[in-house]
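Fair warning: this is a prediction, and the values are worked out from it, not measured in the lab. Numbers restart at 1 for each chain; the letters A, B, ... are given by sequence-line order, proteins then strands.
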Protein chains: 2
Amino acid sequence: MSGPTADNDIFLDAFDGAPIRELAPREVLVAAGAPAEQVFNIVDGMLMLSRTGSDGRRQVLSFLGRDNFVGFTTTDRYSFTVQAVTPARVACCLRTAFDQRLERHPDAERAFRQMTFRVLEDMLDMIYSLGQRTALERLAVFLLYLRHARRLAGGIADDAAGLDDIALPMTREDIADFLGLQKETVSRSFGQLEERGLVRRLDSHRVQIAALESLRDLAGVVDFAAPRRLARR
Amino acid sequence: MSGPTADNDIFLDAFDGAPIRELAPREVLVAAGAPAEQVFNIVDGMLMLSRTGSDGRRQVLSFLGRDNFVGFTTTDRYSFTVQAVTPARVACCLRTAFDQRLERHPDAERAFRQMTFRVLEDMLDMIYSLGQRTALERLAVFLLYLRHARRLAGGIADDAAGLDDIALPMTREDIADFLGLQKETVSRSFGQLEERGLVRRLDSHRVQIAALESLRDLAGVVDFAAPRRLARR
DNA sequence: CGTCACTTTGAGCCCTCTCAAGGAGTGTGG
DNA sequence: CCACACTCCTTGAGAGGGCTCAAAGTGACG
């Protein structure tokens, strides 16, 4: 659970020479409830972090790509499940080894804290989405989020060709559980986005953004407007 | 945005002798978009952290009590609003001073990272709530969350007398915006909880938990069950 | 005692969910 | 190479939880 950034380099060498594990789609990397002994760095592919309730309801907490970290907890057991979405490779590192590394390198410690904070801020965005946005808006945000993620991963410019072709390696149900919707609603919302001319469905796992600005309008930028009610008296 | 813990002590002295600011209910401590120059420690009272979208929709991100920290960002401007719920007092510290403190004290740095991580984990719980739970369940979780917060703040035992009397200093709309509901739905859900005998409404800002275990059942403990679909082949 | 803000309750509607059927793509075996 | 099975996606119809609009109730304060 973490985000990729420029100063990742400080940790990346913690995974130098670390054993690489290969994962097939849907394969579980860490199971909720298992002892949290390792931390991981995604070398390639896409992983998915989720939490499942006792009645089977599942919330996908994030989709993670290259150079993201997973497996950190404050407790001694994982409280979430991590599994592969696409074929993936992850570097595995003992948690104790990683912790020691942070202790020895104050720079790394600080950079790691900063990274944790950025992830926290992403989670706040997600909370806003789940609490306030409609199905259509959530899907729009999701597409922009995938576009943004690819842009970051590739270090590409905002207007680079092909950037508006979005790959959706996960299933509709994965998307639904991420957005707090049902898979049918996700399907229908894709339909609506297409009807409105915002996207084109190339096939069920690829969409093309047809009207980026309109999609951004729909997603709605969270701005820094004043609170609705100011202090009185 | 942070949580109170035993090892807060490491930071608390960062606020020793710091100027104290008094806040009236609804008064704004930090406005979204303002330069992020200070960080705060809540000495007394309850604060509320929220984010408002361009169309006025507001998401309350958390309610914060004594010994919680607020005001941290990775950016140079606050991306959220913080305002008082009850009359409150906060200690104010320059962000640069706090950062320097962390740099000089590796122990503090580490403890702070741990704290950030715990907050992150709380946010993951919230994401599960907003994405998967019904209105009634969210309200049940909310009451248990308030009970838990008071228990932590007071260092009280789980069966201490009076612990089941929950104060609700915030408005119904604040609760609604926290839970991703409308204020009317919050009211009706309180009604349903009372009908079912789970709580008693003492007055509009106080409820008593009448059946703690049933309320916990309703809230539903997130367990570490296996994911719905395991890897095949 | 009137005003004002907040809460509660009611009625009707809409967005999303549920249940169900049909379609599309993929892999397997005949 | 085709038929079949299987999974996933789409679409439809109907139901329901939560939302919107509206009005009455409650408590605080001047």
**OP:** In whole angstrom, give the distance that lies between atom CZ of B:R172 and atom P of C:dT9.
**Re:** 10 Å
Original post:
Thinking salt bridges, do A:R118 and A:E121 make one under a 4.0 Å N-O criterion?
Top reply: no
Original post:
How would nucleotides 14-27 of chain C be written as a contact map, 5' to 3', with B for base contact, S for sugar-phosphate-only contact and - for no contact, using protein heavy atoms under 4.0 Å?
Top reply: --SSBB--------
Original post:
Base, sugar-phosphate, or nothing for A:T171, non-hydrogen atoms under 4.0 angstrom?
Top reply: sugar-phosphate
Original post:
What's the CD-C1' distance between B:E173 and C:dT7, to the nearest Å?
Top reply: 12 Å
**OP:** Determine the contact category for B:S204: base if any of its heavy atoms lies under 4.0 Å from a base atom, sugar-phosphate if only primed atoms, P, OP1 or OP2 are that close, otherwise nothing.
**Re:** sugar-phosphate
Original post:
How would you list, by chain and number, every residue that makes a side-chain hydrogen bond (donor to acceptor under 3.5 Å, both in side chains) with B:T86, sequence neighbours excluded?
Top reply: none
**OP:** Find the distance A:D203:CG to D:dC9:P and express it as a whole number of Å.
**Re:** 11 Å
Original post:
Are any of the side-chain nitrogens in A:D174 or A:R58 under 4.0 Å away from the carboxylate oxygens of its partner?
Top reply: yes
**OP:** Specify the separation, in whole Å, of atom CD of A:Q132 and atom C1' of D:dG18.
**Re:** 14 Å
Original post:
Expressed in angstrom and rounded to an integer, what is the separation of A:D174 atom CG from D:dC8 atom P?
Top reply: 9 Å
Original post:
Is the distance from OP1 or OP2 of D:dC9 to the nearest side-chain N or O of A:H205 less than 4.0 Å?
Top reply: yes
Original post:
What residue among B:V199, B:L202, B:L146 forms side chain to side chain contact (heavy atoms under 4.5 Å, CB included) with B:I166?
Top reply: B:L146
Original post:
A:R201: what forms a salt bridge (charged side-chain N to carboxylate O under 4.0 Å, His left out) with it, not counting sequence neighbours?
Top reply: A:E194
Original post:
Is the shortest side-chain N to carboxylate O distance from B:D44 to B:R66 below 4.0 Å?
Top reply: no
**OP:** For the pair A:F72 and A:F69, name the ring-plane relationship: parallel under 30°, tilted 30 to 60°, perpendicular over 60°.
**Re:** perpendicular
Original post:
Rounding to a whole Å, what distance do you find between B:M170:CE and C:dC6:P?
Top reply: 15 Å
Original post:
What is the distance, rounded to the nearest whole Å, between atom NZ of B:K183 and atom P of D:dC21?
Top reply: 10 Å
Original post:
Taking atom C1' of D:dT10 as reference, at what distance in whole Å does atom CD of A:E195 sit?
Top reply: 13 Å
